[in-house]
S.K.: 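Sharing a structure below in structure tokens format, with a few things to ask.
Positions are given from 1, in the same order as the sequence printed here. As the structure lists them, so they are numbered: ligands from 1, and atoms in each ligand from 1.
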Amino acid sequence: MKDKERIDSQIEKLEEKYKDSGQDLSSYLDGLLHQRYLTYWDYINLDTLLSLQQPRTYFPDEEIFIMYHQITELYFKLILHEQKQLVDDKSQNLDFFIEKVRRINSYYKALISSFSIMIKGMEREQFLQYRMALLPASGFQSAQFRMIEIYSTPLENLVHQSQRENFSSENSIEELYEQIYWKRGATDMSTGDKTLTLKQFEYRYTPRLVRIAKQVRGNTIYHKYLQLPETKRYNKELVDALKKMDINANVNWPLMHMGSAHRYLAKGEGQVDATGGTNWKEYLPPSFQKVVFFPEIYSKQELNNWGKQWVDHIFNPEKK
Ligand code: HEM
């Protein structure tokens, strides 16, 4: 009897719900009657997910390379998922801000600590061969990596550091976008020639990235922080979480990533060309790129030393 009462009350609520939107509950109940039980594999699209690893060669380690990139892209998506909520938030609620940034940091933590899969988990000999079948593709073409940057900070902070002081929020999005650090990394500055990797990326993603940059103009995570009232802006937990995020995104992840470039592409005094065609030894180190999402929260000295000691550690281990 108790069950019957419960069901009656549920049906009443359902009737209200469907009436409100001009729908007929009885038809929906028929649908429920015929619907299959949900399974785990359908819910998470497991068959599709596991069909997405399609190597271009017969080297077994290429599958590891594909899967780890896919795992990383899913984590990037999780990061973006939190970033979008932060950008959309109008409440200026401190706990919400801290919670979201902490989640972002926990995703970075997983990425940073799992990079050993790339650094130690593949045979160099296999890598050097199957990568030739992947030309001119490069992780450089990860659009989500760029979106994370664009949601975090205004484009003027992503301008190549040699040009940064010549640009400001006064410039148009298009002007700033043209000077972004990663474009320069893949352009021969003496001839102005862009690598094919960059040209293809631009063709595919420029409209989308410019649209996002316009959409978040004046409203990036950095702006959200600067717009907080002073009492909240100096909150230590928030500042610590933001610093951590900045360092995760612009120092620690890039360093782990550079560790893998070093392991596979450096040979003695020379180096192997990268598939994306950048001069990677110059381009990848965080202290050379000096991308900082939230410059306001650091001292001058912290900014000057951005990522430096770690790069020394990798390239000049004897200095340590
Ligand atoms: C063996 C492993 C890896 C090696 C040797 C490697 C190498 C490189 C190199 C040399 C570049 C410079 C661009 C170029 O000329 O191609 C680059 C850029 C990049 N790679 Fe990788 N990579 C590896 C793994 C990954 C993974 C797992 C991801 C995850 C998505 C990734 C994402 C990126 C991104 C986002 C960039 C651009 C970085 C920036 O602009 O600062 N890479 N990679």
Side-chain angles (χ1 to χ4, degrees), residues 53 59 61-80 107-108 110-132 134-150 152-153 157-161 180-188 193-202 205 209 248-267 270-293 306-307 311 314:
Q53 294 71 43
F59 295 101
D61 283 3
E62 191 193 341
E63 272 206 44
I64 305 171
F65 191 64
I66 294 175
M67 267 187 266
Y68 190 70
H69 278 81
Q70 291 177 335
I71 291 166
T72 305
E73 288 292 341
L74 286 175
Y75 272 105
F76 285 169
K77 191 168 178 185
L78 282 169
I79 292 169
L80 282 163
Y107 300 140
Y108 272 117
L111 283 178
I112 290 161
S113 63
S114 62
F115 230 110
S116 55
I117 296 173
M118 285 291 95
I119 299 174
K120 297 189 188 131
M122 299 183 296
E123 274 181 25
R124 186 168 183 267
E125 280 319 301
Q126 287 191 40
F127 175 83
L128 288 176
Q129 295 181 75
Y130 68 70
R131 74 188 205 102
M132 301 317 280
L134 317 179
L135 289 163
S138 165
F140 180 89
Q141 295 173 318
S142 166
Q144 292 202 108
F145 188 83
R146 307 304 173 199
M147 287 177 199
I148 291 172
E149 298 180 320
I150 294 172
S152 298
T153 198
N157 289 341
L158 300 175
V159 163
H160 188 265
Q161 60 156 322
I180 230 158
Y181 78 96
W182 40 266
K183 283 201 184 211
R184 288 190 148 232
T187 304
D188 181 336
D193 288 346
K194 295 177 176 178
T195 62
L196 180 56
T197 305
L198 174 59
K199 282 188 199 156
Q200 290 191 319
F201 180 71
E202 288 187 329
Y205 286 114
L209 295 178
N248 278 334
N250 295 313
V251 180
N252 292 340
W253 187 90
L255 281 171
M256 294 311 278
H257 171 256
M258 196 174 65
S260 46
H262 216 252
R263 149 105 159 82
Y264 294 98
L265 303 179
K267 54 164 192 199
Q271 67 184 52
V272 177
D273 283 344
T275 50
T278 60
N279 183 349
W280 64 270
K281 266 193 169 176
E282 274 183 22
Y283 174 67
L284 290 179
S287 58
F288 298 147
Q289 294 185 350
K290 251 195 193 156
V291 174
V292 184
F293 290 159
W306 193 250
V311 173
I314 289 191

S.K.: Please name all residues satisfying salt bridge (charged side-chain N to carboxylate O under 4.0 Å, His left out) with E202, sequence neighbours left out, ordered by chain then number.
M.R.: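 Result, salt bridge (charged side-chain N to carboxylate O under 4.0 Å, His left out) vs E202: K183, K194.
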S.K.: Hey, are the side chains of E62 and L134 touching, using non-hydrogen atoms and a 4.5 Å cut-off?
M.R.: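 Side chain of E62 against side chain of L134, heavy atoms only: contact under 4.5 Å found.
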S.K.: With a 4.0 angstrom cut-off on heavy atoms, strictly below it, pick out the residues next to ligand 1 and order them by chain and number.
M.R.: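 Shell around ligand 1 (4.0 Å, heavy atoms): F65, Y68, H69, T72, M118, M122, F127, S138, G139, F140, F145, R146, Y181, W253, H257, S260, A261, Y264, L265, A274, G276, G277, T278, W280, Y283, L284, Q289.
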S.K.: Is the CG atom of D193 crowded by more than 12 outside heavy atoms at less than 6.0 Å?
M.R.: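 Counting neighbours around CG of D193, more than 12 heavy atoms of other residues, nucleotides or ligands fall under 6.0 Å, so yes.
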S.K.: Please determine whether side chain to side chain contact (heavy atoms under 4.5 Å, CB included) holds for the pair I79 and F145, giving the CA-CA distance in whole Å, both sets of side-chain angles, and the decisive distance to 0.1 Å.
M.R.: CA-CA 10 Å; I79 292 169; F145 188 83; over 6 Å; no
S.K.: Looking at the rings of W253 and F115, which for Trp means the six-membered one, are their centres under 6.0 Å apart?
M.R.: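 So the answer is yes for these two rings.
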S.K.: Treating Q126 as the side-chain partner and D61 as the backbone partner, does any N or O pair qualify as donor plus acceptor under 3.5 Å?
M.R.: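 Flag set: sc Q126 to bb D61 pair under 3.5 Å.
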